[in-house]
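Reading through the structure tokens given below for one structure.
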There are 2 protein chains.
Amino acid sequence: MTNDESEKNDDFFLQDFLPFLLNQAAERASLEFQGVYKGRYGMLRTEWRVLFHLGLFGEMTAKEIGERARMHKTKISRAVSKLEQRRYLKRTRDEADRRAEWLALTPAGQTVYRDLRKVAASYDAKLSGLFSAQEAALLRHMLQRLAGLD
Amino acid sequence: MTNDESEKNDDFFLQDFLPFLLNQAAERASLEFQGVYKGRYGMLRTEWRVLFHLGLFGEMTAKEIGERARMHKTKISRAVSKLEQRRYLKRTRDEADRRAEWLALTPAGQTVYRDLRKVAASYDAKLSGLFSAQEAALLRHMLQRLAGLD
DNA sequence: GGTTAATAGTTGATTTTGTAACTAACAAGC
DNA sequence: GCTTGTTAGTTACAAAATCAACTATTAACC
């Protein structure tokens, strides 16, 4: 009977289970920043990510964004449509390969991007500020490893 | 013109942006394990989480699960219904406060839980194995801090 | 003790995501 | 050059998440 009870928890602690912890931390880290792009520009997370990538890397195709951001192509397709509707990006058909199209931010899109990047940078600094510089650097390395980005 | 170009990237690197990194890592950590509970038991993430909590902590109310797991009550309500349909849990109305009900795993539910917990534990060990014991411990602390669980 | 507010949980409507099938364009093999 | 296969991106339909409104019960206050 004592055994039945002990089997409940035993060697397993929720607050140490990495997938759970990663999810909780990621959720929380997204939340506050989400309020900004959602509140100011009515943007979804997918849209923010596409805008972000185009702002950071300049002209890209949907496929390239998908690879970098690890987003499915349907998500990207929809985000691109929305961003185009709002005149934040323009598409240009690739004349060498007419299946593909190049995406680039409009001046309006760049303005939005720069605004949000500022917020993002200071938010990142705030999160990093929870740790020493060495710890924060190590954290980034470990997350890159976990994410398979190294 | 050189300035326009430099404004693209400048001081901001995607692979160092914590919300992005956390999301990518969390996504990847969930994915592999999701295959197990989905494949073996046709369970959704929400259902797995509820089952997991009941397995770990024993009898709980939906509200308590919501607080611990940081899940919205509608998600829990639906996950509980599904788990009940599959006879993995039973509900008992609280006679002192008849609005609340106590949820507990059935023997069948406990069997599923124990199976999945084994897989979860070894998966967690595999992830932790990417780092030294000290690093892994530090990672957990940092994630707890980021998640606001400390 | 009767009215009002708060709480546990459910349900329905809307939005967003995921999956599969699709179109259009290109590539390879013969 | 014509079949067959592949790729970029879209669309349609199903599944799931979100948000608001709802029921039933309890607590608070006068």
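Note on naming: letters A, B, ... go to the chains in the order of the sequence lines (proteins, then strands), and numbering restarts at 1 for each one.
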*Quick one: label Arg93(B) by what it contacts on the DNA or RNA (base, sugar-phosphate, nothing), any heavy atom closer than 4.0 Å.*
nothing
*Rounded off to whole Å, could you give me the CE-to-P distance for the Met71(A) and dA8(D) pair?*
16 Å
*For the side chain of Arg78(A), starting at C-beta, report the closest nucleotide among dC19(D), dT10(D), dA12(D).*
dA12(D)
_5′-ward residue of the pair Glu95(A)/Lys82(A) relative to DNA chain C_ = Lys82(A)
_Nucleotides bounding contact with chain A, strand DNA chain C, heavy-atom threshold 4.0 Å_ = dT16(C) to dC26(C)
*What is the nucleic acid contact for Ala96(A), judged by heavy atoms within less than 4.0 Å: base, sugar-phosphate only, or nothing?*
sugar-phosphate
*Decide yes or no for Gln144(B) and Leu21(A): does some side-chain heavy atom of the first lie under 4.5 Å from some side-chain heavy atom of the second?*
yes
_Distance in angstrom units between Glu27(A) CD and dA17(D) C1', rounded_ = 11 Å
*Between Ile76(B) and Arg98(A), who's closer to the 5' end of DNA chain C by nearest nucleotide?*
Ile76(B)
*Report the distance from atom NE2 of His72(A) to atom P of dA8(D), rounded to the nearest whole Å.*
13 Å
*Starting from C1' on dA16(D), measure out to CZ on Arg49(B) and report it in whole angstrom.*
14 Å
*What orientation do His53(B) and Phe57(B) show, parallel under 30°, tilted 30 to 60°, or perpendicular over 60°?*
tilted
*Answer yes or no: is there a side-chain heavy-atom contact under 4.5 Å between Leu18(A) and Arg140(B)?*
yes
*Using the six-membered ring wherever Trp is involved, compare the ring planes of Tyr88(B) and Tyr41(B) and label them parallel, tilted or perpendicular (cut-offs 30° and 60°).*
perpendicular
*Interatomic distance where CD belongs to Glu101(A) and P belongs to dT7(D) [whole Å]*: 19 Å
Taking N or O atoms only and anything under 3.5 Å, show me the protein contacts with nucleotides 2-4 of chain D, one pair per line.
none

*About how many Å separate CZ of Arg78(A) and OG1 of Thr46(A), when rounded to the nearest 0.5 Å?*
9.5 Å
*Just how far, in rounded Å, is P of dA8(D) from CD of Glu64(A)?*
10 Å
*Pick from Arg86(A), Lys38(A), Lys75(A): which one makes a salt bridge (Lys or Arg N to Asp or Glu O under 4.0 Å) with Glu47(A)?*
Arg86(A)
*What is the distance, rounded to the nearest whole Å, between atom CD1 of Ile65(A) and atom P of dA8(D)?*
13 Å
*Within this structure, what is the CE-to-C1' distance between Met43(B) and dA16(D), rounded to whole angstrom?*
16 Å
*asked:* Taking the cut-offs as 6.0 angstrom to the six-membered ring centre and 45 degrees off its axis, would you call Arg117(B) and Phe52(B) a cation-pi pair?
replied: no
*Using a heavy-atom cut-off of under 4.0 Å over every strand shown, decide if Lys73(A) touches base, sugar-phosphate, or nothing.*
base
_Sidechain N-carboxylate O distance under 4.0 Å for Glu64(A), Arg68(A)_ = no
*asked:* Classify Leu44(A) by what it touches in the nucleic acid, base, sugar-phosphate, or nothing, heavy-atom distance under 4.0 Å.
replied: sugar-phosphate
*For Thr74(B) and for Arg91(A), find the nucleotide of DNA chain D with the closest heavy atom, then tell me which residue's nucleotide is more 5'.*
Arg91(A)
*Pair Arg99(B) + Asp94(B): basic N to acidic O under 4.0 Å*: no
*Please walk me through it: do Phe17(B) and Phe13(B) pass ring-ring contact (aromatic ring centres under 6.0 Å, His included)?*
CA-CA 6 Å; Phe17(B) 184 45; Phe13(B) 297 94; over 10 Å; no
